[in-house]
Asker: 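Quick one: this structure, given as structure tokens, is what I'll be asking you about.
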Amino acid sequence: MANRRRGEISLTLDDQSYRLCLTLGALAELEDSMGLDDISALADRFSGGKVKSADLIKILGAALRAGGADISDSEAALMHCKGGATALTCALVTLLRETFGPELEEGNPQPQQASKELPSNGGGKNKGLNPTQADLV
């Protein structure tokens, strides 16, 4: 059973239910197979709204493998989805939104960055050093 909180979805292919997930390993696989430099380029490619059929096969294969299935991309390409290509595409779009969150949906491919601001040192109790101004490694 798919756990939506972990970015998983369920999809029935060839009358069998599969769990699809885009783990970090699956995303790295997609970057490599699509010749992209980083995750931002991957998100940018998906948020553009134009995805090749070959991309859908790669996404499906990587998501099936990350979900625990032992299926190659060529095997995934031959699987049938009730509702056809439209239903399959909608399911994969849902999976991408679960993975990348609202940034992908809003057309902003950049993952949210954590704030670099650190809390103050409580009024300078540490010899006046303010962590927001210190060079931290």
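In this chain, residues are counted from 1 in sequence order.
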Asker: Distance check, rounded to the nearest 0.5 Å: Ile59 atom CD1 versus Asp55 atom CG?
Answerer: 6.0 Å

Asker: Report the distance from atom CD of Glu98 to atom CD of Glu8, rounding to the nearest 0.5 Å.
Answerer: 10.0 Å

Asker: What's the shortest heavy-atom distance between Cys21 and Leu95, and which atoms?
Answerer: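 Nearest pair, atom of Cys21 first, then Leu95: CA-CD1, 4.1 Å.
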
Asker: What distance do Leu27 atom CG and Thr99 atom OG1 have between them, rounded to the nearest 0.5 Å?
Answerer: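 Reported value, rounded in 0.5 Å steps: 6.0 Å.
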
Asker: Group every Ile, Leu, Val, Met, Phe, Trp and Tyr by side-chain heavy-atom contacts under 4.5 Å, then state whether Leu96 and Ile57 land in the same group.
Answerer: no

Asker: Side chains of Leu20 and Leu60: does their closest heavy-atom pair fall under 4.5 Å?
Answerer: yes

Asker: My understanding is that only residues two or more places apart in sequence, or in another chain, count here; which of them pass side-chain contact (heavy atoms from CB on, under 4.5 Å) with Ala54?
Answerer: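 Ala54: no side-chain contact (heavy atoms from CB on, under 4.5 Å) contacts found.
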
Asker: Would you indicate whether the side-chain heavy atoms of Met34 and Lys52 approach each other to under 4.5 Å?
Answerer: no

Asker: Between atom CG of Leu22 and atom CZ of Phe100, what is the distance when rounded to the nearest 0.5 Å?
Answerer: 7.0 Å

Asker: Which residues pass the side-chain hydrogen bond (donor to acceptor under 3.5 Å, both in side chains) test with Ser72, sequence neighbours left out?
Answerer: Ser74, Glu75

Asker: State, to 0.1 Å, how close Tyr18 and Leu13 come at their nearest heavy-atom pair, and which atoms those are.
Answerer: CE1-O, 3.6 Å

Asker: Report, one line per pair, each donor and acceptor closer than 3.5 Å where one atom sits in a side chain of residues 76-93; sequence neighbours left out.
Answerer:
from, atom 1, to, atom 2, distance (Å)
His80, ND1, Asp14, OD1, 3.4
Thr89, OG1, Ala85, O, 2.8

Asker: Is there a side-chain contact (heavy atoms from CB on, under 4.5 Å) between Arg19 and Leu11? Walk through the geometry before answering.
Answerer: CA-CA 7 Å; Arg19 182 171 52 110; Leu11 182 63; over 6 Å; no

Asker: Is there any salt bridge (charged side-chain N to carboxylate O under 4.0 Å, His left out) pair reaching into residues 25-43, and which pairs are they, with sequence neighbours excluded?
Answerer: Glu29-Arg65

Asker: Of all the heavy-atom pairs spanning Ala62 and Asp73, show the shortest one and how long it is.
Answerer: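 Heavy atoms only, the tightest pair is N-OD1, 4.1 Å.
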
Asker: State, to 0.1 Å, how close Thr94 and Ile9 come at their nearest heavy-atom pair, and which atoms those are.
Answerer: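 Taking Thr94 first and Ile9 second, the nearest heavy atoms are CG2-CG2, 4.2 Å.
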
